[in-house]
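Everything on this sheet refers to the single structure shown next.
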Amino acid sequence: MHQPYPWPEGKRAAFVFSMDVDSDSPWAWISRDRSGPLYLSHLEQRRFGLREGIWRVLDLLERFDIRGSFYVPGAVAEAHPYLLPKLIAGGHEVGLHGWFHEFVTEISDAEFSEALERSLDLFHRQTGQRPRGFRSPAWEMTPYMLAEVQRLGLYDSSLSGFDHPYQIGGVTEIPVQWAMDDAVYWKFLGGGGDLAPPFAPAQVLEIWQQEWRGLQDFGGLLMLTVHDYITPRAHRLKVLETLLAEVRETPGAWIARACDLADWHNSLSEKHHWQASPTAPAGP
């Protein structure tokens, strides 16, 4: 019989609110070798995130007394030095998310390591704290990347092998799920690169609610991931508000940050020898 994941204090399921604070970093990465004109449409949509979006979400989290995990590209933190200290002062976690939100397929192993270590140094200088976790841009990992995350003693939140914390390649994984990411439903920047119009808010709310209700039966983790410039639009913010209200009212729900789940899982592995580990990929 399947052994349910042992959450603390008899909790039935866990919920983590996370935000990937991409802002304009993907635009900067794509435009790094720009030789043509500067187009403003995508850039301005993305800049909505730190002008308006993230503050709307932070106000909402404060209303529900929820602390979340915010994964920030190094270039975004460097350009907005107030951001990381502000998030930490609110009790939230800040984690690494590349430097320019670089796509894994477009950088070398050496470039990945440089971006990771450069981000670590910046986060420490801005906050006085060493970040605990890493989330890969576009949620892709290679064996080399996983080995680097392990070398630096970070947890990862980029993979989807279980719907509760687990170990892979010696790294504690706090899993994600594409169905619980706002970008797959609502990322529509225009300019010919988007294939379908955004989903109606009610459709997304139903998917997210049904996943949360189902995970309670299995004792799983719902890792919700939103972006600073996508969900905070007014009609979508109501979806987030409705979901957070239901989660907050759910008996037996553990609402925590990803770093809290990593600590809990590590304590289980050390004290009770509990683990669910897939076959780890070969190292580099």
Side-chain angles (χ1 to χ4, degrees), residues 16-29 43 46-102 111-139 145 148-149 151-158 171-172 174 176 181-183 223-232 237 240 255-263:
V16 175
F17 172 88
S18 71
M19 176 181 282
D20 292 353
V21 191
D22 294 353
S23 184
D24 57 3
S25 60
W27 180 92
W29 174 253
L43 181 60
R46 287 182 171 280
R47 284 181 170 172
F48 170 82
L50 291 187
R51 291 171 177 168
E52 294 279 358
I54 193 172
W55 313 113
R56 294 177 180 178
V57 171
L58 287 172
D59 287 346
L60 191 61
L61 295 177
E62 185 64 27
R63 279 177 49 198
F64 287 104
D65 192 25
I66 291 174
R67 304 295 174 260
S69 297
F70 291 73
Y71 299 94
V72 186
V76 175
E78 184 178 57
H80 305 275
Y82 61 85
L83 179 61
L84 300 186
K86 175 73 172 179
L87 291 170
I88 289 175
H92 304 288
E93 173 193 10
V94 294
L96 305 176
H97 196 44
W99 186 264
F100 278 119
H101 198 276
E102 307 89 346
E111 288 170 329
F112 171 77
S113 294
E114 192 276 333
L116 190 60
E117 294 184 352
R118 185 180 178 192
S119 297
L120 274 170
D121 178 68
L122 176 70
F123 276 47
H124 186 266
R125 284 189 282 109
Q126 287 191 347
T127 68
Q129 301 177 16
R130 190 178 190 274
R132 302 277 310 284
F134 169 76
R135 174 172 286 171
S136 172
W139 293 359
M145 293 167 65
E148 285 292 271
V149 170
R151 177 178 68 86
L152 293 169
L154 302 168
Y155 75 78
D156 180 60
S157 183
S158 312
V171 174
T172 297
I174 311 300
V176 292
D181 183 296
D182 62 352
M223 170 69 77
L224 180 69
T225 302
V226 305
H227 292 76
D228 54 306
Y229 67 98
I230 298 178
T231 286
L237 200 64
L240 179 59
I255 304 173
R257 304 168 301 176
C259 61
D260 300 321
L261 269 67
D263 286 342

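Each residue takes its place number in the sequence, starting with 1.
- Smallest separation of non-hydrogen atoms from Ile174 and Ala258: CG1-O, 3.9 Å.
- Summarising the geometry of Trp55 relative to Leu50, their closest heavy-atom pair is NE1-O, 2.8 Å, with the distance given to 0.1 Å.
- In this structure a side-chain-to-backbone donor-acceptor pair under 3.5 Å is missing from Asp263 to Asp260.
- The closest donor-acceptor contact from the side chain of Glu62 to the backbone of Leu60 lies at 3.5 Å or more, if one exists at all.
- Counting only distance, with no hydrogens or angles, the side chain of Ser119 and the backbone of Leu96 share no donor-acceptor pair below 3.5 Å.
- No hydrogens or angles considered: a donor-acceptor pair under 3.5 Å links the side chains of Ser157 and Arg135.
- With sequence neighbours left out, Glu117 forms a salt bridge (charged side-chain N to carboxylate O under 4.0 Å, His left out) with Arg151.
- Counting only residues at least two apart or in different chains, side chain to side chain donor-acceptor pair (under 3.5 Å) contacts with residues 82-92 comprise His80-Tyr82.
- The side-chain heavy atoms of Leu83 and Val72, taken from C-beta on, include a pair separated by under 4.5 Å.
- Between the side chain of Ser23 and the main chain of Ser25, no donor-acceptor pair closer than 3.5 Å is present.
- Formation of a donor-acceptor pair under 3.5 Å by the Glu52 side chain with backbone atoms of Gly49 is not found in this model.
- Here the closest heavy-atom approach between residue Glu93 and residue Gly133 is recorded as OE2-N, 4.2 Å.
- When the salt bridge (charged side-chain N to carboxylate O under 4.0 Å, His left out) test is applied to Arg125, the partners found at least two apart in sequence or on another chain are Asp121.
- Proximity of His101 to Asp20: side-chain heavy atoms (C-beta onward) are nowhere separated by under 4.5 Å.
- Between Phe134 and Phe112, the gap from one ring centroid to the other is short of 6.0 Å.
- You'll find the side chain of Leu58 reaches within 4.5 Å of the side chain of Leu87, heavy atoms only.
- A side-chain N or O of Asp182 and one of Thr231 form a donor-acceptor pair less than 3.5 Å apart.
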message: Could you walk me through whether Asp181 and Trp139 satisfy the side-chain contact (heavy atoms from CB on, under 4.5 Å) test, starting with their C-alpha distance in whole Å, then the side-chain angles of each, then the deciding distance to 0.1 Å, before giving a yes or no?
response: CA-CA 11 Å; Asp181 183 296; Trp139 293 359; 3.4 Å; yes
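- A side-chain N or O of Thr225 and one of Ser18 form a donor-acceptor pair less than 3.5 Å apart.
- Within the 3.5 Å criterion, the main-chain N or O of Gly90 finds a donor-acceptor partner in the side chain of Arg67.
- Of the possible polar contacts, one joining the Gln126 side chain to the Ala77 backbone as a donor-acceptor pair under 3.5 Å is found.
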